[in-house]
J.: 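Handing you this structure, nothing more for now.
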Amino acid sequence: QVQVVESGGGLVQPGGSLRLSCAVSGNIFSGVVIFWYHQAPGRQREMVASITSGGTTDYGDSVKGRFTASRDNSHNTGYLQMDSLKPDDTGVYYCKVPSIPWGQGTQVTVSS
């Protein structure tokens, strides 16, 4: 079964950085868009970034200038570089690929 597996989360101080990874099994990766979602505690999932198969990116206002989406089609992996992290960035991060079920996500905690 095709699936996504997120990794790279952790505990980081405000102003710090993390790099999330999204590994996609199967052979459909290169032609699909990847979405990154953030679910803060007690809130709905919110899309924060996307990257098309050609590398065009888009970002939510809350992360513009701080987060960068990228992908490595040869390794079926997407990335979300998160810089200048804030406590409001705390939550579970998911990547979403159309037609593939949600993964487990990866927890990011920004705290001093």
Side-chain angles (χ1 to χ4, degrees):
Q1 181 180 0
V2 181
Q3 61 180 354
V4 297
V5 178
E6 301 94 338
S7 62
L11 173 63
V12 63
Q13 292 187 343
S17 297
L18 285 173
R19 188 192 195 203
L20 307 184
S21 297
C22 169
V24 182
S25 63
N27 296 319
I28 68 168
F29 181 84
S30 62
V32 298
V33 62
I34 304 170
F35 299 95
W36 285 95
Y37 284 80
H38 169 222
Q39 186 165 21
R43 303 189 66 175
Q44 291 187 336
R45 289 178 193 178
E46 173 190 32
M47 192 183 73
V48 294
S50 63
I51 181 167
T52 68
S53 58
T56 300
T57 55
D58 193 23
Y59 301 95
D61 288 341
S62 63
V63 307
K64 274 180 184 175
R66 300 188 299 120
F67 289 12
T68 304
S70 62
R71 62 195 292 160
D72 181 351
N73 290 338
S74 65
H75 290 91
N76 289 358
T77 304
Y79 302 98
L80 186 66
Q81 177 67 39
M82 309 165 67
D83 298 318
S84 302
L85 283 161
K86 306 175 181 179
D88 284 350
D89 296 321
T90 293
V92 182
Y93 284 79
Y94 301 87
C95 69
K96 186 69 176 79
V97 176
S99 302
I100 299 178
W102 290 95
Q104 299 277 13
T106 185
Q107 175 70 42
V108 171
T109 302
V110 184
S111 175
S112 55

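Index from 1, following the sequence. Values reported hereafter were calculated over all heavy atoms of this structure, with side chains retained and with hydrogens, waters and symmetry mates removed.
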J.: On a heavy-atom basis, which atom in Gln104 and which in Glu6 lie closest, and how many Å separate them?
T.: N-OE1, 3.5 Å
J.: Measuring from atom CZ of Arg71 to atom OG1 of Thr57, what distance do you get when rounded to the nearest 0.5 angstrom?
T.: 11.5 Å
J.: Taking the six-membered ring for Trp, are Phe67 and Trp36 closer than 6.0 Å centroid to centroid?
T.: no
J.: Could you pull out the closest heavy-atom pair between Lys96 and Tyr37, with the gap in Å?
T.: CB-CE1, 4.0 Å
J.: Given His75, which of Thr77, Asn73, Asp72 fulfils the side-chain hydrogen bond (donor to acceptor under 3.5 Å, both in side chains) condition?
T.: Asp72
J.: Is there a path of hydrophobic side-chain contacts, each under 4.5 Å between heavy atoms of I/L/V/M/F/W/Y residues, joining Leu18 to Ile34?
T.: yes
J.: Tell me, yes or no, whether the heavy-atom count around Gln39 atom CD, taken from other residues, nucleotides or ligands under 6.0 Å, exceeds 12.
T.: yes
J.: Are Val108 and Leu20 side-chain neighbours, meaning at least one heavy-atom pair lies under 4.5 Å?
T.: yes
J.: If every non-hydrogen atom of Leu80 is compared with every non-hydrogen atom of Ala49, which pair is closest and at what distance?
T.: CD1-CB, 3.9 Å
J.: Do Ser17 and Val12 have side chains that approach each other closer than 4.5 Å (heavy atoms only, starting at C-beta)?
T.: no
J.: Please name the pair of heavy atoms, one in Ser111 and one in Pro14, separated by the smallest distance, quoted to 0.1 Å.
T.: C-CD, 3.6 Å
J.: So which atom in Ile51 and which in Val33 form the shortest heavy-atom distance, rounded to 0.1 Å?
T.: O-CG2, 3.2 Å
J.: How close do Gly105 and Val92 get, counting heavy atoms only, and between which atoms?
T.: CA-CG1, 3.8 Å
